[in-house]
Amino acid sequence: IPSNYVRVTLSEKRQSSYESPRGKALWDDLRSSMVQPSLANVLVQMGAVPSGFRSSTLGSLLARSGADFRLSAWFTPKLSKSHLSFRDLHWDQSANKLRSRSVAVTRGFSLLAANNIPTVTQAASGLSVLSRHVRVTLFNRSKVLSNIHTVRAVWIAKENQTWKFSPKVQAGYPSMAYDADCIARIDAMSTDIALLFELCFTYEKTDTGEKGEMSCGWAGLPLFESDGKAVVSRTVELAVHGGTPFESGVQLTTSTTTGAGASDRKGIGRSGSLRGGKRGGSAPKLYVKLQYLRRNVLEECNTLPDVLIAPVRSEER
């Protein structure tokens with residue numbers, strides 16, 4: 001640790017720790033790739049998969065620059081511009097330990113279930129589904145702000161459009177394989193900042209053996225209310241809609257019909273749900289529980305980097 005590291009003062013201007021690892025060029029490249037012909041786009045045009053399906057946006061980002069968006073990279077201390085101290089890691093010399101550093105919002109959340117999520121049939125699409133999961137990140141409507149966390153889903157065969165995220169649903173799975181209980185942490189205040197959930201599945205093409213990842217919908221949960229206050233603890237029902245987070249007006253259909261979805265304007269709403277999209281009992285939904293952290297857990301979290309999504313054991317919250 002640099003000798004002057006312990007002399008960082010509270011008046012020092014905080015640097016943003018959620019800058020894109022590779023900047024504008026990476027995002028331009030990713031957006032461009034989303035409109036290029038892909039297996040997902042071809043299958044949509046053929047009517048072999050529901051019209052709202054796309055190649056996974058966050059999966060593509062991990063594939064292109066995986067190391068930059070993994071938890072290990074965001075846990076690694078980052079040097080300040082001067083390279084004489086760290087950005088968001090501070091040492092308390094008198095107590096001989098890391099100094100707590102509170103941020104704009106630190107909130108616990110749990111993925112509970114997803115209902116009426118469209119699925120694919122091997123006969124229609126020629127795809128064999130290997131696994132289902134949800135990719136989670138912090139998002140500001142234009143770019144990813146944090147690491148990308150992946151939560152495995154349990155698919156219930158007799159309810160083929162229902163996803164669960166608890167190992168209690170099906171015996172025999174180790175609890176460490178599921179990271180549905182998490183914390184989100186960010187040192188910025190904006191009503192644009194939200195948790196982005198992308199529901200995905202990995203597949204193998206039965207005739208060629210080609211493997212890939214496809215998105216079957218996404219949802220957004222703002223972390224700040226319209227008045228600028230952090231969201232309160234509650235269980236939220238989020239509408240899941242089609243396309244990518246960069247698209248608007250794409251409806252997520254529950255059947256394999258050719259063509260793109262309807263035209264309502266959509267986006268991450270202020271109240272925690274998404275504007276537009278299908279309504280009613282058959283609409284795709286994702287259920288997320290927001291929770292305040294216990295004081296001792298919050299104190300431990302305040303020694304973590306300023307921007308992070310990380311799994312936490314439910315009994316610790």
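Just so you know, these numbers come straight off a predicted model, no measurement behind them. Numbering of residues begins at 1 and proceeds along the displayed sequence.
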Does E198 pair with R54 as a salt bridge, N-O distance under 4.0 Å?
no
Please determine whether a side-chain nitrogen of the Lys or Arg among R234 and E225 lies less than 4.0 Å from a carboxylate oxygen of the Asp or Glu.
yes
Could you measure the distance from the [atom1] atom of [X] to the [atom2] atom of [Y]? Nearest 0.5 Å is fine.
| X | Y | atom1 | atom2 | answer |
| --- | --- | --- | --- | --- |
| F69 | R64 | CZ | CZ | 12.0 Å |
| L58 | I148 | CG | CD1 | 4.5 Å |
| N147 | F75 | CG | CZ | 8.5 Å |
| L196 | W218 | CG | CH2 | 6.5 Å |
| E213 | S55 | CD | OG | 9.5 Å |

Establish, from distance only, whether the side-chain atoms of [X] and [Y] form a donor-acceptor pair under 3.5 Å.
| X | Y | value |
| --- | --- | --- |
| S85 | S80 | yes |
| S146 | T137 | yes |
| T119 | Q161 | no |

Can you list the residues that meet the salt bridge (Lys or Arg N to Asp or Glu O under 4.0 Å) rule with D227, with sequence neighbours excluded?
none
Shortest non-hydrogen pair, F224 vs V105, comes out as CZ-CG1, 3.8 Å
When every non-hydrogen atom of A310 is compared with those of L71, the smallest separation belongs to CB-CD1, 4.2 Å
What residues form a side-chain hydrogen bond (donor to acceptor under 3.5 Å, both in side chains) with [X], not counting sequence neighbours?
| X | value |
| --- | --- |
| N115 | none |
| S125 | none |
| R185 | T106, N302 |
| S131 | T202 |

Could you tell me whether the side chain of N96 reaches within less than 4.5 Å of the side chain of W91, counting heavy atoms only?
yes
Heavy atoms, side chains only, cut-off 4.5 Å: are L112 and V288 in contact?
no
Please name all residues satisfying side chain to side chain contact (heavy atoms under 4.5 Å, CB included) with A95, sequence neighbours left out, ordered by chain then number.
D92, K97
According to the interplanar angle, ranging from 0 to 90°, do the rings of F109 and F197 count as parallel (below 30°), tilted (30 to 60°) or perpendicular (above 60°)?
perpendicular
